[in-house]
Each structure stands twice: as structure tokens, then as C-alpha cells.
Amino acid sequence: MPTRSMPDKIREAAVAARGFMPTNEGDALWVAAQEASADVPGLAYLEIGSYCGKSTVWLGAAAQANATVLFALDHHRGSEENQAGWEHHDADLVDPRIGRLDTLPTFRDTIYHAGLDDSVVAVVGDSPTVGRFWKTPLAFLFIDGGHGSEPAHRDYETWTPHIAAGGTLCIHDVFPDPADGGRPPYEIYLRALDDGFVERRAVGSLRVLTR
Ligand code: SAH
Ligand code: MG
């Protein structure tokens, strides 16, 4: 188990950041990434679905502590549920010139003020498109992108093959009870177990698995 703890100032930035990551689950992400670097030293981390950079701060801090980098992948146009008229829409994140969501400026601000510009590499693009060209093995993968059936299963299929042996897979918004939330993240969690990933921990809706 890692003995290091997250620097207070960075953790405060994570807690204060805008987004969809409860503090106890963010802390669990930090621990999981620390463990991933202990198990598979030197390799990079990748996050799918950064939004305004909240989960990114916990993971970027872990990358910084382990002298590696976090690739933070998002097209920054929001998921279905972030669009106008949906539950998780924030009108002030819309770029008025084009009438579309743009979370990249807020993301950059979050990462800059957390002091993580050197440890977080933003990858701005569509997940399956980037995935088509990706070759780099990963110590750690966090899936929190599109939560519909097609995007969630596609992220699983596209990205989990890049996790190195002994590396870590985290999945967010896993709800075994349908009353608590959508099915697809739970379905890809079941797929991971079926594919031989071993569950290490569950914290809220976060699942931590090892390849
Ligand atoms: N982890 C974030 C929340 C992510 S919300 C936090 O801690 O707050 C989901 C994000 O996935 C959105 O920002 C959306 O733009 C992104 N997303 C959805 N589908 C995507 C795709 N196909 N490619 C890249 N990003 C995608
Ligand atoms: Mg989430």
C-alpha cells in the first residue's frame, strides 16, 4: 500500500473543482493510481471523460507523485446528459459563438490552478477516434466518458486492451441497482469481471479492478 498522501493544496483544488466526482471516490481514485504505479512502474495513466477537470486533479496529482503523466481525454463538447434540456446541463459552459458546450477553458483553468500543467496532458478529441491510433501501454485507465450503451461499451473495447498486465481499470457510475442510475457502466464492469479483471475495491459508484 502507498504510504504517501495527496498534497493538501491539490486535494483542496480537486474538492473545489466543478464536476461529478464525490470526494470519497476522488480520494479512492488517487489511491488506486498510486497502487497502479507501484504495480506497473513508469507507465502512463489515461482518463476518458474529464469534463471540467475534477477527477483529473486527483489522478494528475497521483501521476505527478509518480513522475508519470495522465492523458486526459475528452472532446469537451459534453455527453448527452450535459446538453441543453438534460439533467446535468450548465448553461454557462456553452460557447455563445457556436451555441455548443465547451468545457476546455474551465478544464485548463482547473489544471493550471492545481499546479498540474506538467503532469496532465489534455487529449482533445473523440474517444474512439483517438483510440484507433493509440499504441501506448497504460498503468491505469479510468472510464467516465459517454454513459450510453454504445459509447460505454465502445470505450471498454477500445481502451482496456491498452492496460498493461498488472495494471488498473477504474469504472465510474457503476450502479448494481437500476433505481440508482443507468445500466451501461454496470454492464462494462460485469464484462471486465468476465474478461478476467479482478475487483480490488468498490467505493460509492467507483469500481477498482486489476488486470
Ligand atoms: N470525470 C468528470 C466527469 C466526466 S462527464 C468529473 O470528475 O467531473 C463525461 C465527459 O465525457 C464529458 O465531459 C463528455 O464531453 C465526455 N465524453 C462523452 N463522450 C465522449 C467521446 N466520445 N469522446 C470524448 N469525450 C467524451
Ligand atoms: Mg462519472
Side-chain angles (χ1 to χ4, degrees), residues 6 10-11 13-30 32-33 45-63 70-84 86-90 92-95 98 100-111 114 116 120-134 140-159 169-175 180-189 202-208:
M6 187 171 172
I10 307 183
R11 186 169 177 275
V15 171
R18 197 161 164 168
F20 308 105
M21 186 53 61
T23 298
N24 61 326
E25 297 175 32
D27 287 341
L29 277 179
W30 192 85
Y45 310 162
L46 189 139
E47 156 180 272
I48 307 163
S50 302
Y51 195 63
C52 297
K54 192 172 178 71
S55 52
T56 320
V57 174
W58 272 287
L59 293 175
L70 168 67
F71 292 100
L73 170 55
D74 201 306
H75 51 34
H76 289 284
R77 296 296 184 204
S79 299
E80 196 176 43
E81 63 272 19
N82 306 126
Q83 306 306 321
W86 289 70
E87 185 189 351
H88 294 293
H89 179 63
D90 278 313
D92 67 310
L93 293 172
V94 171
D95 178 347
I98 61 170
R100 293 192 65 191
L101 214 67
D102 185 1
T103 49
L104 184 56
T106 312
F107 170 89
R108 293 212 77 184
D109 207 54
T110 304
I111 300 311
L116 293 171
V120 174
V121 178
V123 180
V124 182
D126 174 50
S127 165
T129 307
V130 177
R132 270 176 60 207
F133 299 97
W134 191 268
F140 180 95
L141 172 68
F142 177 46
I143 301 183
D144 193 22
H147 287 29
S149 181
E150 206 272 336
H153 283 275
R154 201 147 57 144
D155 280 342
Y156 179 83
E157 288 157 17
T158 301
W159 292 101
L169 168 65
C170 287
I171 305 174
H172 199 225
D173 302 305
V174 171
F175 299 112
D180 296 330
R183 298 280 77 198
Y186 178 64
E187 289 165 11
I188 64 172
Y189 156 74
V203 178
S205 75
L206 182 74
R207 296 295 178 278
V208 181

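Just follow the structure's listing: the first ligand is 1, and inside any ligand the first atom is 1.
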Parallel under 30°, tilted from 30 to 60°, perpendicular over 60°: which one fits the rings of F71 and W134? perpendicular
With the Mg ion (ligand 2) as the reference point, give the N/O/S atom of H172 that is nearest. ND1
Taking both backbone and side-chain atoms into account, decide whether H147 has an N/O/S atom under 2.8 Å from the Mg ion (ligand 2). no
For P105, what residues pass the side chain to side chain contact (heavy atoms under 4.5 Å, CB included) criterion, not counting sequence neighbours? D102
Can you name the side chain to side chain contact (heavy atoms under 4.5 Å, CB included) partners of S79, sequence neighbours left out? E81, N82
Taking the basic N atoms (NZ, or NE/NH1/NH2) and the acidic carboxylate oxygens, is any pair closer than 4.0 Å for D95 and R77? no
Heavy-atom nearest pair, L116 first then I10, reads CD1-CG2, 4.1 Å
Any protein N/O atoms within less than 3.5 Å of an N/O atom in ligand 1? List the atom names and distances, or say none.
residue  : atom   : partner : partner atom : Å
ligand 1 : 1 (N)  : G49     : O            : 2.8
ligand 1 : 1 (N)  : S55     : OG           : 2.8
ligand 1 : 1 (N)  : D144    : OD2          : 2.8
ligand 1 : 7 (O)  : S55     : N            : 3.0
ligand 1 : 7 (O)  : S55     : OG           : 3.1
ligand 1 : 8 (O)  : F20     : N            : 2.7
ligand 1 : 13 (O) : Y51     : N            : 3.4
ligand 1 : 13 (O) : D74     : OD1          : 3.4
ligand 1 : 13 (O) : D74     : OD2          : 2.7
ligand 1 : 15 (O) : D74     : OD1          : 2.7
ligand 1 : 15 (O) : H75     : ND1          : 3.4
ligand 1 : 15 (O) : G78     : N            : 2.9
ligand 1 : 22 (N) : D126    : OD1          : 2.8
ligand 1 : 23 (N) : S127    : N            : 2.8
ligand 1 : 25 (N) : H75     : N            : 3.3

Please list, chain by chain and in numerical order, all residues satisfying side chain to side chain contact (heavy atoms under 4.5 Å, CB included) with A62, sequence neighbours excluded. W30, A33, Q34, Y45
Side chains of S127 and W159: any donor to acceptor distance under 3.5 Å? yes
Rounded to 10 degrees, what angle sits at the Mg ion (ligand 2) between D144 OD1 and D173 OD2? 90°
